[in-house]
Number of protein chains: 2
Amino acid sequence: MATDRLSRIFGALADPTRRAILARLSEGEATVNELAKPFSISLPAVSRHLKVLEAAGLISRSRSAQWRTSRLEAAPLREVTFYMEKYRRFWDESLNRLEQHLELLQDEDKP
Amino acid sequence: MATDRLSRIFGALADPTRRAILARLSEGEATVNELAKPFSISLPAVSRHLKVLEAAGLISRSRSAQWRTSRLEAAPLREVTFYMEKYRRFWDESLNRLEQHLELLQDEDKP
DNA sequence: CCGTTATTTAACTAATACGTTAAATATGCA
DNA sequence: TGCATATTTAACGTATTAGTTAAATAACGG
């Protein structure tokens, strides 16, 4: 994975464990132990996934006593959606319908 | 990167060279040589990036004489956008405005 | 058939990713 | 202080990634 921000974000999203962690965090903040519970991997492994997510800006973390709670951060998700926008014309259903319509119009010009 | 489809897609998007290739393909089909031209990496390297993109379903390829042309494929882009949808409430501006509005309403109940 | 052009495969290297277990660190509390 | 709990860091193994150069393959055109 490269070092630019978009690459870090996509790279972070490329792992199913990390996506599951994000899904969990979409329901509310959680500690490392809570996040680790559903997985069969060790705590240090989860700790590192969190570090990757944090480096991508997808989560922020705060300490309260011996617990470190993670919370989902909006900005990178917004960034990805904006990135996808420039490809929307390739898949947007209504636009495809428009294109088909235009093709039909062209066909009408032909014999 | 894991082996499920979404991971393959995000993994493919995690490389800036591959994103640049997709951007180029959004302007139309292109051969391997054409795609390689803007980059300072070797042809085999580009060939492999194309294989990664193809495995993710982000491009399809056809052969015509000795040229292999690549074209952008819509489905995975749609899939990513749909995936992002479930996080939209975390960053959608208008929703934030709604939330602020609700907070204001709550504040009005207070002294 | 031969030479040229386009592309891929093979073989290799270096860096990164992801997991492990063991040890270190941080904090709360008796 | 000292133990318990939560989390991170260290040290390590292995797989994957991304690049290289050299050789192989594919298809055209004389």
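Scope of the values below: all heavy atoms of this structure, side chains included, with no hydrogens, waters or symmetry mates. Lettering follows sequence order; numbering is per chain, from 1.
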Expected output: side-chain S64(A) to main-chain W67(A) donor-acceptor under 3.5 Å: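 It does not hold such a pair.
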Donor-acceptor contact present, side-chain R18(A) to main-chain G11(A), <3.5 Å: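 Answer holds: yes.
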How long is the line joining [atom1] of [X] and [atom2] of [N], in whole Å?
X      : N       : atom1 : atom2 : answer
R61(B) : dA26(D) : CZ    : P     : 15 Å
F39(A) : dC18(C) : CZ    : P     : 14 Å
L53(B) : dT7(C)  : CG    : C1'   : 16 Å
L35(B) : dT8(C)  : CG    : C1'   : 15 Å
L43(B) : dT9(C)  : CG    : P     : 13 Å

Sugar-phosphate, base or nothing in reach of I41(A), heavy atoms under 4.0 Å: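 Answer is sugar-phosphate: I41(A) comes under 4.0 Å of backbone atoms only.
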Touch class at under 4.0 angstrom, heavy-atom based, for S40(A) against every strand present: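 Sugar-phosphate contact only.
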Between [X] and [N], does any side-chain N or O lie under 4.0 Å from OP1 or OP2?
X      : N       : result
T31(B) : dA6(C)  : no
R68(A) : dT8(D)  : yes
S47(A) : dT8(D)  : yes
H49(B) : dT17(D) : no
K51(A) : dT7(D)  : no
N33(A) : dT5(D)  : no

Derivation of the side-chain hydrogen bond (donor to acceptor under 3.5 Å, both in side chains) call for S7(A) and R19(B): CA-CA 9 Å; S7(A) 297; R19(B) 289 200 304 279; 3.0 Å; yes
Shortest non-hydrogen separation from E73(B) to S60(B) and the atoms involved: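 Heavy atoms only, the tightest pair is OE2-OG, 2.8 Å.
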Heavy-atom pair of closest approach, residues S26(B) and R89(A):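 Scanning both residues completely, I find the closest heavy atoms to be O-NH2, 2.9 Å.
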Carboxylate-amine/guanidinium proximity below 4.0 Å for E85(B) and R88(B):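 A salt bridge links E85(B) with R88(B).
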Presence of donor-acceptor pair under 3.5 Å, side chain of R63(B) and base of dT7(C):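 A donor-acceptor contact between them is absent.
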Distance-only donor-acceptor test (3.5 Å): side chain R48(A), base dT9(D):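 Under the 3.5 Å cut-off, the side chain and the base do not form any donor-acceptor pair.
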Side-chain touch L77(A)/M84(B), heavy atoms, less than 4.5 angstrom: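 Yes, close enough: below the 4.5 Å cut-off.
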Flag side-chain contact, heavy atom, 4.5 Å: T17(B) against V46(B):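 No; the side chains remain at least 4.5 Å from each other.
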Derivation of the side-chain contact (heavy atoms from CB on, under 4.5 Å) call for H49(B) and I41(B): CA-CA 11 Å; H49(B) 280 308; I41(B) 59 177; 4.0 Å; yes
Stepwise side-chain hydrogen bond (donor to acceptor under 3.5 Å, both in side chains) check, S62(A) with T69(A): CA-CA 5 Å; S62(A) 60; T69(A) 61; 2.9 Å; yes
Close approaches to DNA chain D from residues 13-29 of chain A, in residue order (heavy atom, under 4.0 Å):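 Contacting residues: none.
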Any protein N or O atoms within reach of nucleotides 28-30 of chain D? Criterion: under 3.5 Å, listing atom names and distances.
none

